[in-house]
Participant: 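Following this message is one structure expressed as structure tokens.
Heavy atoms only: backbone and side chains are in, while hydrogens, waters and symmetry mates are out.
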Amino acid sequence: MKNITAAEIKQAYKTEKDPRVTKRLLAVHMICFEGKSIEETANTLMHCQNWVSKWINRFKTGGIDALRDMPRDGRPRMLSVQKIQKTIDYIGKKLTPKKLRFYLNEKYDVLFHITYVRKLLCKLVMSAKTIKYVHIRRRSS
């Protein structure tokens, strides 16, 4: 990892749009360049000491980019509606929400709850019980 200066941290802080990343950059700046302790930084930013030390360690191993790229721990990846529509078009019309859930798990390695799959079908203007197109102004029951 190349040496990063305080000016680079300040520039990244000013240009960053995500408020979570700006807090991480501020924590790095306070500890690495101002010489504050982890406890003092945690109290100032109103976070726990483990949070501060975690992001300092990530900064030391990966630089500024490690502060921006936060892995999604435990949550499934987001799928766009277009990908789900392509999957439905590829498989065909004889499909149930349970089978669609299985295919999405196989293809994209994401396991959705059956209720969420039905909500996705409603977003695609399809019936929630069987996958077929319905009229957009259909009366809801």
Participant: State, to 0.1 Å, how close E8 and N3 come at their nearest heavy-atom pair, and which atoms those are.
Facilitator: OE1-O, 4.2 Å
Participant: Are I114 and Y108 in one and the same hydrophobic cluster, where Ile, Leu, Val, Met, Phe, Trp and Tyr link if side-chain heavy atoms are under 4.5 Å apart?
Facilitator: no
Participant: Once you round to the nearest 0.5 Å, how far does SG of C48 lie from CG of N43?
Facilitator: 11.0 Å
Participant: From L100 CG over to L120 CG, what is the distance, rounded to the nearest 0.5 angstrom?
Facilitator: 8.0 Å
Participant: With a sphere of 6.0 Å drawn around CZ of F102, does it hold more than 12 non-hydrogen atoms of other residues, nucleotides or ligands?
Facilitator: no
Participant: Quick check for you: to the nearest 0.5 Å, what is the distance between D18 atom CG and R24 atom CZ?
Facilitator: 6.5 Å
Participant: Would you sort out whether F59 and I4 count as a side chain to side chain contact (heavy atoms under 4.5 Å, CB included), showing the intermediate values?
Facilitator: CA-CA 10 Å; F59 171 73; I4 297 172; 3.8 Å; yes
Participant: Give a yes or no answer on whether the side chain of E34 reaches the backbone of I31 with a donor-acceptor pair at less than 3.5 Å.
Facilitator: no
Participant: Ignoring hydrogens and geometry, is there a side-chain-to-backbone donor-acceptor pair from N57 to S53 under 3.5 Å?
Facilitator: yes
Participant: Return yes if some donor-acceptor pair links the side-chain N/O of R58 with the main-chain N/O of A66 below 3.5 Å, else return no.
Facilitator: no
Participant: Are I56 and I38 close enough that some pair of their side-chain heavy atoms sits under 4.5 Å apart?
Facilitator: no
Participant: Give, for atom CD of Q49 and atom CD of E39, the distance between the pair rounded to the nearest 0.5 Å.
Facilitator: 5.0 Å
Participant: So, for A6 and F33, which heavy atoms are closest and what is the spacing to 0.1 Å?
Facilitator: N-CE2, 3.7 Å
Participant: Please round to the nearest 0.5 Å and tell me the distance separating atom OH of Y13 and atom NZ of K23.
Facilitator: 10.0 Å
Participant: Going from CD1 on I88 to CG on L104, what distance comes out if it is rounded to the nearest 0.5 angstrom?
Facilitator: 7.5 Å
Participant: Any chance you could lay out the side chain to side chain contact (heavy atoms under 4.5 Å, CB included) test for T5 and I9, step after step, and finish with the verdict?
Facilitator: CA-CA 7 Å; T5 63; I9 292 285; over 6 Å; no
Participant: Measure the acute angle between the ring planes of Y116 and F112, then classify it against the limits of 30° and 60° as parallel, tilted or perpendicular.
Facilitator: tilted
Participant: Consider side chain to side chain donor-acceptor pair (under 3.5 Å). Of H113, R118, K119, which one does T115 pass it with?
Facilitator: H113
Participant: Which heavy atom of V117 sits nearest to which heavy atom of R101, and what is that distance?
Facilitator: CG2-CB, 4.0 Å
